[in-house]
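Here the structure comes first, spelled out in structure tokens, and everything after it is commentary.
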Amino acid sequence: MSSGKRLQVLSSHISGTQSAMASEKDAALAAVASDAPTIFDKIINKEIPANVVYEDDKVLAFRDIAPQAPTHILLIPKVRDGLTGLSKAEKRHCEILGHLLYTAKVVAKQEGLEEGFRIVINDGPNGCQSVYHIHVHLLGGRQMNWPPG
Ligand code: AMP
């Protein structure tokens with residue numbers, strides 16, 4: 001993909017306008033895996049707004065700007081510590097990874113998802129990852145399908 005096209009896809013992804021929103025796949029293919037700060041750092045640092053539904057000293061949970069279900073929440077570690085994605089996990093990350101999953105269950109209950117929910121962690125280009133700060137997608141409020149696309 002050319003750098004111009006990459007910029008166009010990424011900026012439309014970040015702007016959040018539905019009409020200009022590139023597909024998740026386009027955004028993922030345009031994303032570059034790196035340790036550079038991401039849009040999530042701006043949310044953590046309160047430089048841009050987010051609809052925060054849960055926060056503790058380690059984890060922040062906020063509504064996805066392009067929801068794929070009636071409930072679509074992202075859970076992220078406040079300190080990335082090298083976890084650009086799950087494939088970068090090391091033994092020392094076990095505690096935060098467990099905390100992210102446990103918090104997803106807490107938030108699911110808070111959101112009233114008694115009938116069930118889905119947890120997704122996209123990793124790398126094939127996994128459709130577009131933001132290189134590990135995040136757990138919590139999706140619910142509708143019947144999910146299997147296999148996923
Ligand atoms: P992924 O494709 O797994 O990397 O997921 C990244 C997610 O971040 C996508 O579902 C985007 O819609 C979401 N996203 C990107 N920017 C924002 C933002 N500013 N606020 C909330 N969600 C965002």
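Atoms within a ligand are numbered from 1 in the order they appear, just like the ligands themselves. What you are looking at is a predicted structure, and each value in this text was computed from that prediction instead of being measured.
When ring centroids are compared, His133 and His135 stay outside the 6.0 Å threshold. Taking the six-membered ring for Trp and the full ring otherwise, Phe40 and Tyr132 have centroids separated by 6.0 Å or more.
Distance alone, capped at 3.5 Å, places no donor-acceptor pair between the Glu90 side chain and the Arg92 backbone. In terms of modelled atom types and a separation under 3.5 Å, the side chain of Asn45 and the main chain of Glu47 share no donor-acceptor contact. One N or O on the side chain of His93 and one on the backbone of Asp81 form a donor-acceptor pair closer than 3.5 Å. The backbone N or O of Thr38 sits nowhere less than 3.5 Å from a side-chain atom of Arg80 that would complete a donor-acceptor pair.
Within the 4.5 Å cutoff, no side-chain heavy atoms of Tyr54 are placed close to those of Val52. Between Gln68 and His137, the closest side-chain pair of non-hydrogen atoms is not below 4.5 Å. By the 4.5 Å heavy-atom criterion applied to side chains, Leu113 and Val107 are not counted as neighbours.
The shortest heavy-atom distance from Lys42 to ligand 1 is not under 4.0 Å.
Some N or O of Glu24 is nearer than 3.5 Å to an N or O of ligand 1, by distance alone. Ligand 1 has a nitrogen or oxygen under 3.5 angstrom from a nitrogen or oxygen of Val131. Polar contact with ligand 1: absent for Gln129 (N/O pair, distance under 3.5 Å).
Using a 4.0 Å cut-off to heavy atoms of Ser130, the atoms of ligand 1 that qualify are 1 (P), 2 (O), 4 (O), 5 (O), 6 (C). Heavy-atom contacts of Arg63 reach the following atoms of ligand 1: 21 (C) (cutoff under 4.0 Å). Here is the list of ligand 1 atoms found below 4.0 Å of a heavy atom in Asn122: 1 (P), 2 (O), 3 (O). Close approach of ligand 1 to Ala66 (heavy-atom distance below 4.0 Å) involves ligand atoms 12 (O). Atoms of ligand 1 found under 4.0 Å from any heavy atom of His135 (numbered from 1 in listed order, with element): 1 (P), 3 (O), 4 (O), 5 (O), 6 (C). Heavy-atom contacts of Leu74 reach the following atoms of ligand 1: 7 (C), 8 (O), 13 (C), 22 (N) (cutoff under 4.0 Å).
With a heavy-atom cut-off of 4.0 Å, Gln68 does not touch ligand 1 at all. Contacts between Ile43 and ligand 1, counted as non-hydrogen atom pairs separated by less than 4.0 Å, involve the side chain only. No part of Tyr132 comes within 4.0 Å of ligand 1, judged by heavy-atom distances. Residue contacts with ligand 1, taken as heavy atom pairs separated by less than 4.0 Å, involve Cys128 solely via the backbone atoms N, CA, C and O.
Taking only non-hydrogen atoms, the option from Ile65, Ile39, Ile121 nearest to atom 20 (N) of ligand 1 is Ile65.
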Q. Between Leu101 and Ile119, does a side chain to side chain contact (heavy atoms under 4.5 Å, CB included) hold up when you go through it step by step?
A. CA-CA 8 Å; Leu101 274 189; Ile119 294 300; 4.0 Å; yes
